[in-house]
Amino acid sequence: MNKNNYRYIPELDVIRGIAILMVFFYHTQLSIFPPYEIRNYTDSGILDLRSTKDIIFNFLPFTFGELGVELFLVISGFVIHLGFLNSQGRFNVKQFYVRRFFRIYPPYLLVLLFFIVFRNMSFSPKDILLHVLLIHNLSDTSFFSINPSFWTLALEVQLYLAYPLFLYFRKKIGIRNTVAGLTLLHFACTFILETFMKDSIPLSMALSMPVLWFTWGAGALAAELYWENKKIFKKQPLLYLLVFLALLPVCKYFMVAHYFTIAVSVCAWLALLEWFLYKKQEDPFFLKPLFRVLAGIGICSYSLYLIHQPYLFDLLKHLGHFKFVMVHLVASPLAALFIFTILAYGLYQFVELPSVELGKRLWKKYGNPK
């Protein structure tokens, strides 16, 4: 890449669009067919599928949509670390956290307060406080409480807090060894949890920062290689992407392989990222409108992620999906996506962007003492 001209990579918005659609349609499938998901294995070590319906629903493409979270983490690591590299390796801790605060927290806080007030549920003061402090993912009782999607926001903030430590190890042992160490940490944590807490692994541990840190680190590694005009996959990243995607059902079906699900998905997302970053040929004409739509959704993907889940079930019910007519199974999720995207774009325009600009003005005025 041209190191002097890095500003904005439009392909990342397309990838964000893919990530949020994966998550959205995964939640849609859970809303329409809530009992479908099977995570138990037989004594012979294969997924406990007992009917054709189980097979179909557990291997539909959107069943794997939860791995869109890992794609978001890869993108986050890539963007944050590329920003660091663009500053010629100078890490201003204060500026970094001010920018991250105004990018993440005001929209989150506004949506959090909305759900606390308007959801037909009561939340304890402790639960609210944990969410305000973005540490609700450290307890199973608050992990999915106010808005199930919020756990990833807490994880994201914790990854930001750990970024200086990541940079320290990068300086001492290099980024490849750092990411390798985080990958070993992932597998060590997974092995310990699956061995000693197999029947009752707390969500706060299964989806904790030590388990998922390597995902974010993989994105940072991709950014470093991109900065150096190098690649993870020397040739045909699209082929690698298809291979890794094909392995995901295998990881799901066999118990011995399911420990590798997240790692395989991260490899797939790295291949996807490299394909978009390095593709030289012009997109086929039939893909250009699709990519424009994905980019448009990707721009407001953070807001869409914040708002969609708590009311998704009720909206789908109102749109008539329980009639189980094929047109409703297709039209209702698409109509719900359209409604939430319009709302998300408004939140993006009137909250996200002004919040980012406010952070920039405050930093310019108070962050650089003369």
Side-chain angles (χ1 to χ4, degrees), residues 1-20 67-93 95-97 99-100 103-104 152 155-183 185-186 209 212-235 237-238 240-241 244 262-263 265-280 295 298-299 301-302 356:
M1 66 169 287
N2 188 329
K3 300 180 183 180
N4 296 320
N5 293 327
Y6 166 68
R7 289 292 183 274
Y8 169 66
I9 303 175
E11 290 81 2
L12 293 179
D13 286 328
V14 178
I15 301 175
R16 289 188 182 100
I18 294 172
I20 189 59
L67 297 173
V69 169
E70 279 70 26
L71 180 52
F72 272 125
L73 291 175
V74 168
I75 297 170
S76 175
F78 181 88
V79 171
I80 294 298
H81 195 61
L82 193 59
F84 164 76
L85 296 170
N86 191 54
S87 67
Q88 306 302 320
R90 295 186 297 271
F91 183 63
N92 186 318
V93 177
Q95 183 182 31
F96 174 76
Y97 288 119
R99 286 184 174 179
R100 289 295 91 199
R103 176 67 183 89
I104 295 292
T152 60
L155 173 65
E156 185 80 14
V157 169
Q158 289 150 22
L159 290 168
Y160 294 159
L161 293 175
Y163 187 47
L165 182 62
F166 179 89
L167 291 178
Y168 171 80
F169 282 110
R170 170 187 174 271
K171 183 177 181 180
K172 292 295 183 180
I173 63 176
I175 191 166
R176 291 172 177 80
N177 290 332
T178 300
V179 175
L182 293 178
T183 305
L185 177 64
H186 163 77
M209 193 188 81
L212 294 173
W213 195 359
F214 89 103
T215 304
W216 198 92
L221 173 61
E224 189 119 358
L225 293 176
Y226 180 64
W227 182 257
E228 298 171 354
N229 290 310
K230 298 178 181 178
K231 300 178 182 179
I232 296 175
F233 305 98
K234 302 301 182 183
K235 295 181 179 180
L238 183 59
Y240 282 102
L241 170 63
F244 288 126
I262 295 178
S265 74
V266 169
C267 292
W269 305 148
L270 290 174
L272 176 69
L273 180 63
E274 283 204 348
W275 180 68
F276 270 104
L277 292 176
Y278 290 102
K279 61 187 177 72
K280 297 178 181 179
I299 287 172
S301 59
Y302 177 51
V356 171

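For the single chain, residues carry numbers from 1 onward in sequence order.
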- Any side-chain heavy-atom pair from Y278 and Y226 closer than 4.5 angstrom? yes
- Side-chain contact test, heavy atoms from C-beta onward, threshold under 4.5 Å: evaluate it for P164 versus F91 and give yes or no. yes
- Message: Could you tell me if the side chain of R100 sits less than 4.5 Å from the side chain of I80, heavy atoms only?
- Response: yes
- From CA spacing to verdict: side chain to side chain contact (heavy atoms under 4.5 Å, CB included), W227, H81: CA-CA 10 Å; W227 182 257; H81 195 61; over 6 Å; no
- Where do K231 and K234 come nearest, in terms of heavy atoms and distance? O-NZ, 3.5 Å
- Search all heavy atoms of W269 against all heavy atoms of V74 and return the closest pair with its distance. CB-CG2, 4.3 Å
- Worked check of side chain to side chain contact (heavy atoms under 4.5 Å, CB included) between I9 and F276: CA-CA 10 Å; I9 303 175; F276 270 104; over 6 Å; no
- Closest heavy-atom pair and its distance - A268, L241: O-CD1, 3.2 Å
- Atom OG1 of T183 and atom CD1 of I262: how far apart are they, to the nearest 0.5 Å? 12.0 Å
- Item | Nearest non-hydrogen partners of R176 and L225, listed with the distance | NH2-CD2, 3.0 Å
- Message: How long is the straight-line distance from CD of Q158 back to OG1 of T152, given to the nearest 0.5 Å?
- Response: 11.0 Å
- Message: Students often mix this up, so state it plainly: with edges at 30° and 60°, are the rings of Y163 and F84 parallel, tilted or perpendicular?
- Response: perpendicular
- How far does CG of L221 sit from CD1 of I175, to the nearest 0.5 angstrom? 5.5 Å
- Is the closest side-chain heavy-atom distance between L182 and F169 below 4.5 Å? no
- Task: Would you indicate whether the side-chain heavy atoms of L155 and L73 approach each other to under 4.5 Å?
- Result: yes
- To the nearest 0.5 angstrom, please state how far the CG atom of L273 sits from the CZ atom of F233. 10.0 Å
- Roughly how far apart are E11 CD and L272 CG, rounded to 0.5 Å? 11.5 Å
- Nearest heavy-atom pair of Y97 and Y160: which atoms, and what distance? OH-O, 2.8 Å
- Task: May I ask you to test the E70-L212 pair for a side-chain heavy-atom distance under 4.5 Å?
- Result: yes
- Message: Closer than 3.5 angstrom, by distance alone: can the side chain of E274 be matched with the main-chain N or O of I232 as a donor-acceptor pair?
- Response: yes
- Item | Worked verdict on V157 versus M209 for side chain to side chain contact (heavy atoms under 4.5 Å, CB included) | CA-CA 10 Å; V157 169; M209 193 188 81; over 6 Å; no
- Heavy-atom side-chain proximity of V79 to R16 below 4.5 angstrom: yes
- Among W213, F214, W216, whose ring pair (Phe, Tyr, Trp, His ring centres under 6.0 Å) with H186 holds? F214
- Message: Please enumerate all residues that pass salt bridge (charged side-chain N to carboxylate O under 4.0 Å, His left out) together with K230, with sequence neighbours excluded.
- Response: E228
- Query: Yes or no on side chain to side chain contact (heavy atoms under 4.5 Å, CB included) for L71 and I75, after CA distance, side-chain angles and deciding distance?
  - Reply: CA-CA 6 Å; L71 180 52; I75 297 170; 4.2 Å; yes
- Task: Taking the side chain as every heavy atom from C-beta outward, state whether Y302 and I20 have any atom pair closer than 4.5 Å.
- Result: no
- Note on the structure: Here the pair of heavy atoms bringing L270 nearest to A222 is CD2-CB, 3.9 Å
